[in-house]
Amino acid sequence: MSPSNSSGTRLAPQPVICVSGLRTVFGSHVVHDGLDLAVWPGEILSLVGGSGSGKTVLLRQIIGLETPAAGRVEVFGRPLHGGTAVQRRRMSRRWGMLFQAGALFSALPVFDNVALPLRELRHIPEDLVREVVMTRLALVGLSAADAAKMPSDLSGGMVKRVALARALSLDPELLFLDEPTAGLDPQRSDEFVDLVRSLHRQLGFTVVMVTHDLDTLLDLTTRVAVLADKRVVACGTVSEVIRVEHPFIRSFFLGPRGRRALGELASKEALHGEP
């Protein structure tokens with residue numbers, strides 16, 4: 001339900017993330033120039049683009065790991081770059097990040113990897129830490145026995161699940177996914193997509209996802225933002241985006257692989273009676 005003001009008038013929802021006039025420069029190389037993007041509450045927004053279009057760089061700037069040369073990034077209505085270190089830490093506790101390769105600490109068992117964000121707060125009792133960790137592991141389909149395993153003992157799919165459990169450890173409002181199904185075989189990829197979809201429905205967080213995998217994109221995405229020419233050249237539903245005339249959009253969505261994925265999606269929707 002949309003919020004209302006004192007007169008009872010329904011207010012328009014505010015974006016969770018607002019990027020305006022973003023410029024990113026590495027040496028003499030310009031990655032983004034005048035990039036604008038809004039992410040709305042509860043949606044799953046996918047960032048797509050060709051190699052070098054700056055998808056992951058944009059993601060890292062939104063979570064404050066990199067600073068743009070110019071422009072503004074607002075998260076939860078507040079400017080991300082600027083303010084005090086304490087303010088930035090408080091804001092970062094409201095999101096979780098799943099890095100492409102999982103980024104688990106190889107010397108720590110699964111339990112301690114998931115517990116790390118909780119322990120960094122320094123005021124949560126260890127018995128509560130254990131309760132939260134085991135709950136998050138259960139959420140992603142892992143058992144108590146898995147908590148004692150080392151990252152080297154995990155399959156690729158399990159690494160992704162542990163990394164997701166860690167990203168969810170602080171009950172975030174925002175979840176960032178960088179190539180979440182990269183390196184997984186088709187079955188494990190489908191299982192992970194189903195897991196993210198289920199958790200999104202259950203927990204209601206907003207998702208920003210970088211992916212080059214069409215099947216993952218089509219199965220999960222609410223809207224797609226296409227990065228090309230140093231900016232966002234199209235943003236909308238898949239059906240809206242594929243009507244935009246641009247070389248990357250034509251090759252990515254309407255090439256042989258794209259047409260096959262879109263056809264499979266249409267068949268699934270017809271089978272389940274979806275519009």
Taking 4.0 angstrom as the limit, do Arg119 and Asp112 come out as a salt bridge? yes
Heavy-atom count check: over 12 atoms from other residues, nucleotides or ligands less than 6.0 Å from Phe105 CZ? no
May I ask you to decide if the ring planes of Trp95 and Phe76 are parallel, tilted or perpendicular, using 30° and 60° as cut-offs? parallel
Apply the test side chain to side chain contact (heavy atoms under 4.5 Å, CB included) to residues Cys235 and Leu37: give CA-CA distance (whole Å), side-chain angles for both, the deciding distance (0.1 Å), then the verdict. CA-CA 8 Å; Cys235 189; Leu37 179 67; 4.2 Å; yes
When you measure from the side chain of Lys230 to the backbone N and O of Leu35, does any donor-acceptor pair fall under 3.5 Å? no
Is the side chain of Ser53 donor-acceptor paired with the backbone N or O of Gly50 at a distance under 3.5 Å, no angle test? yes
If you look at every heavy atom in Gly42 and Thr206, which pair is closest and at what distance? N-OG1, 2.7 Å
Donor-acceptor check, side chain of His123 to backbone of Leu121, threshold 3.5 angstrom: yes or no? yes
Leu118 and Val140: same hydrophobic cluster, using ILVMFWY side-chain contacts below 4.5 Å? yes
Side-chain ion pair, Asp146 and Lys149, N-O less than 4.0 Å: yes
Let me know which of Leu199, Val208, Leu164 forms a side chain to side chain contact (heavy atoms under 4.5 Å, CB included) with Leu175. Leu164
Verify side-chain hydrogen bond (donor to acceptor under 3.5 Å, both in side chains) between Thr211 and Ser46, making sure each step is shown before the conclusion. CA-CA 7 Å; Thr211 185; Ser46 288; over 6 Å; no
Thr181 side-chain N/O to Leu184 backbone N/O, donor-acceptor pair under 3.5 Å: no
Looking only at heavy atoms, what is the nearest atom pair of Phe176 and Met97, with distance? CB-SD, 3.3 Å
I'd like to know if the side chain of His246 reaches the main chain of Val233, judged simply by a donor and an acceptor atom lying under 3.5 Å from each other, with no hydrogens or angles considered. no
Atom CZ of Arg93: over 12 foreign heavy atoms under 6.0 Å: yes
Does a salt bridge link Arg72 with Glu74, judged by any charged N lying under 4.0 Å from a carboxylate O? yes
Is it the case that the side chains of Gln61 and Thr24 hold a donor-acceptor pair, with the cut-off being a distance below 3.5 Å and no angle test? yes
Answer yes or no: are there more than 12 heavy-atom neighbours, outside Arg78 itself, under 6.0 Å from its atom CZ? no
